[in-house]
Amino acid sequence: MAMRSATQQVIRALEPALLNAPATRSLHASPGSKKIVGVFYKGGEYAGQNPNFVGCVENALGIRGWLESQGHQYIVTDDKDGPNCELEKHIADAHVLITTPFHPAYVSADRIRRGKNLELLLTAGIGSDHVDLPAAAAAGLTVAEVTGSNTVSVAEDQLMRILVLTRNFIPGHRQAVGGEWDLAGVAHRAYDLEGKTVGTVGAGRIGKLLLQRLKPFGCSLLYHDRLRMDAALERELGATFEAELDGMLPKCDVVVLNMPLTEKTKGMFNKEKIAKMKKGVTIVNNARGAIMDTQAVADACESGHIAGYGGDVWYPQPAPKDHPWRYMPNNAMTPHISGTTIDGQLRYAAGVKDMLERYFKGQDFPEPNYIVKEGKLASQYQ
């Protein structure tokens with residue numbers, strides 16, 4: 001009787017903690033065949049033109065044969081929106097959902113609630129903000145991405161857009177294909193990059209790679225980040241730390257965004273923040289479209305306060321046909337392509353396969369890949 005009484009006291013003491021603990025779903029695979037659903041963009045006529053074009057629906061990361069040979073079911077689709085989409089037909093009994101930032105399937109709290117069998121959410125690429133991460137954490141799901149898989153791809157793209165906008169390349173190209181020849185129409189607002197001040201907001205993997213690539217251009221390089229680099233790396237990159245974002249922005253001829261989308265960064269670059277920048281600033285955003293106030297950017301491009309805005313990220317994605325960034329002057333916008341080069345695809349496809357293999361075997365993933373683990377969000381999303 002005394003032992004039973006003591007046990008009951010321990011249980012009562014633990015009850016508040018148990019009630020507040022996240023729901024537990026297995027961090028690794030439960031036994032048996034798994035249903036894996038992948039949501040990728042459609043390759044169409046291009047799907048068969050390059051055997052390494054693995055990031056599309058038709059080629060499905062190149063892992064179909066491997067999965068099916070092990071007895072797993074692999075469903076792939078590009079149809080992800082609305083109550084009657086293909087994804088909705090499979091969410092209830094899927095064990096693993098693979099999505100991408102390029103054609104994001106928005107994994108809402110409602111979808112997580114209805115995914116009773118879900119154990120693992122994988123991002124083929126970098127950036128898992130299309131997932132409701134707090135809801136995933138509360139449900140005990142594991143969320144992981146292929147960290148580092150397309151950092152080079154994005155950094156190279158950022159450098160390209162900086163040059164395209166600084167040199168006023170796009171109007172010149174339009175002249176070339178349109179049969180025109182108006183030197184003044186390009187030269188009146190074309191500049192060298194050398195001697196300009198470039199600041200990156202965020203200096204993680206991509207930000208550091210961009211600074212490394214900018215150094216030979218003879219720019220003044222600044223960075224703002226929640227974590228300062230060590231002094232040796234700052235000297236190697238030739239970059240100066242700016243503790244205050246609002247102090248850095250007025251100094252920059254070019255501002256590059258390299259931060260994750262979180263509740264804190266959503267809409268951060270609004271009318272007031274843009275007004276702190278130099279008149280005639282160039283902005284490159286390959287991070288996330290929702291970090292910017294959409295209309296504030298369009299208005300600043302119209303007024304000339306922003307001399308050029310380039311990037312490949314929008315909100316929502318795909319961008320609607322009437323999205324103002326499609327039509328604002330001096331833009332270098334494209335669909336979300338920077339991280340899905342063929343080289344990037346091969347890296348993130350290999351990373352997804354590696355994590356699935358570990359998941360089936362009950363092994364941990366590389367620690368930097370975790371975005372949600374055992375109910376806790378990675379530090380960049382907190």
Side-chain angles (χ1 to χ4, degrees), residues 41 44-46 49-50 53 102 152-200 209-211 213-221 251-257 269 274 277-287 289 292 294-314 317-344:
Y41 56 82
E45 63 183 293
Y46 307 105
Q49 294 188 15
N50 186 338
F53 181 24
F102 316 107
V152 168
S153 312
V154 176
E156 287 185 359
D157 187 279
Q158 290 175 337
L159 177 58
M160 174 189 72
R161 288 178 206 262
I162 292 170
L163 287 166
V164 160
L165 289 165
T166 302
R167 299 302 294 265
N168 206 26
F169 173 84
I170 291 174
H173 178 65
R174 286 176 180 155
Q175 287 185 26
V177 299
E180 302 173 29
W181 193 272
D182 177 9
L183 300 183
V186 178
H188 79 285
R189 59 189 312 277
Y191 297 89
D192 296 341
L193 185 55
E194 185 179 34
K196 303 303 184 291
T197 299
V198 182
T200 175
L209 288 172
L210 175 65
L211 292 169
R213 283 153 176 74
L214 282 167
K215 186 178 180 182
F217 284 86
C219 304
S220 175
L221 301 176
K251 301 175 184 178
C252 297
D253 301 294
V254 179
V255 174
V256 185
L257 301 187
F269 283 82
I274 292 169
M277 300 183 192
K278 279 185 181 181
K279 180 174 172 59
V281 69
T282 292
I283 300 176
V284 172
N285 179 14
N286 286 42
M292 311 299 293
T294 298
Q295 194 57 51
V297 170
D299 291 344
C301 285
E302 290 286 350
S303 73
H305 190 83
I306 296 176
Y309 182 92
D312 67 335
V313 289
W314 312 67
Q317 288 187 185
K321 290 185 178 180
D322 62 351
H323 196 293
W325 290 0
R326 292 182 182 270
Y327 309 107
M328 62 191 182
N330 304 314
N331 83 76
M333 294 300 298
T334 65
H336 195 168
I337 57 171
S338 63
T340 189
T341 61
I342 295 299
D343 304 280

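Throughout, residue positions are numbered sequentially from 1 according to the sequence presented. Quick caveat: nothing in here was measured; it's all calculated off a predicted structure.
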F102 and H336 aromatic ring geometry - parallel, tilted or perpendicular at 30°/60° bounds: perpendicular
Approximate separation, where rounding is to 0.5 Å, of F217 CZ and T166 OG1: 10.0 Å
Heavy-atom side-chain contact between V198 and L193 under 4.5 Å: yes
Side chain to side chain, L163 and F169, heavy atoms closer than 4.5 Å: no
Evaluation steps, side chain to side chain contact (heavy atoms under 4.5 Å, CB included), between L209 and V152: CA-CA 7 Å; L209 288 172; V152 168; 4.0 Å; yes
NZ on K196 to CD on E194, rounded to 0.5 Å: 8.5 Å
N330/C301 under side chain to side chain contact (heavy atoms under 4.5 Å, CB included): CA gap, chis, key distance, verdict: CA-CA 7 Å; N330 304 314; C301 285; over 6 Å; no
Expected output: side-chain H305 to main-chain I274 donor-acceptor under 3.5 Å: yes
4.5 Å side-chain heavy-atom contact, M277 and C252: no
Audit row: D157, T341, side chain to side chain contact (heavy atoms under 4.5 Å, CB included) steps and yes/no: CA-CA 10 Å; D157 187 279; T341 61; over 6 Å; no
Minimum side-chain heavy-atom gap R213-E156 below 4.5 Å: yes
More than 12 heavy atoms of other groups within 6.0 Å of Y46 OH: no
Student check: side-chain heavy atoms of R161 and V256 closer than 4.5 Å: no
Y41 atom OH, neighbour heavy-atom count above 12 within 6.0 Å: yes
Residue pair P335 / W314: nearest heavy atoms and the distance that separates them: CA-NE1, 4.1 Å
Spatial distance of atom CE (M292) from atom CD1 (I283) [nearest 0.5 Å]: 4.5 Å
Residue pair I342 / F53, side-chain heavy-atom distance below 4.5 Å: yes
Min side-chain heavy-atom separation D192-R167 under 4.5 Å: yes
Approximate separation, where rounding is to 0.5 Å, of S338 OG and N286 CG: 4.0 Å
Closest approach of L257 to A287 (non-hydrogen atoms, all atoms of both residues): O-CB, 3.7 Å
From CA spacing to verdict: side chain to side chain contact (heavy atoms under 4.5 Å, CB included), D253, Y191: CA-CA 11 Å; D253 301 294; Y191 297 89; over 6 Å; no
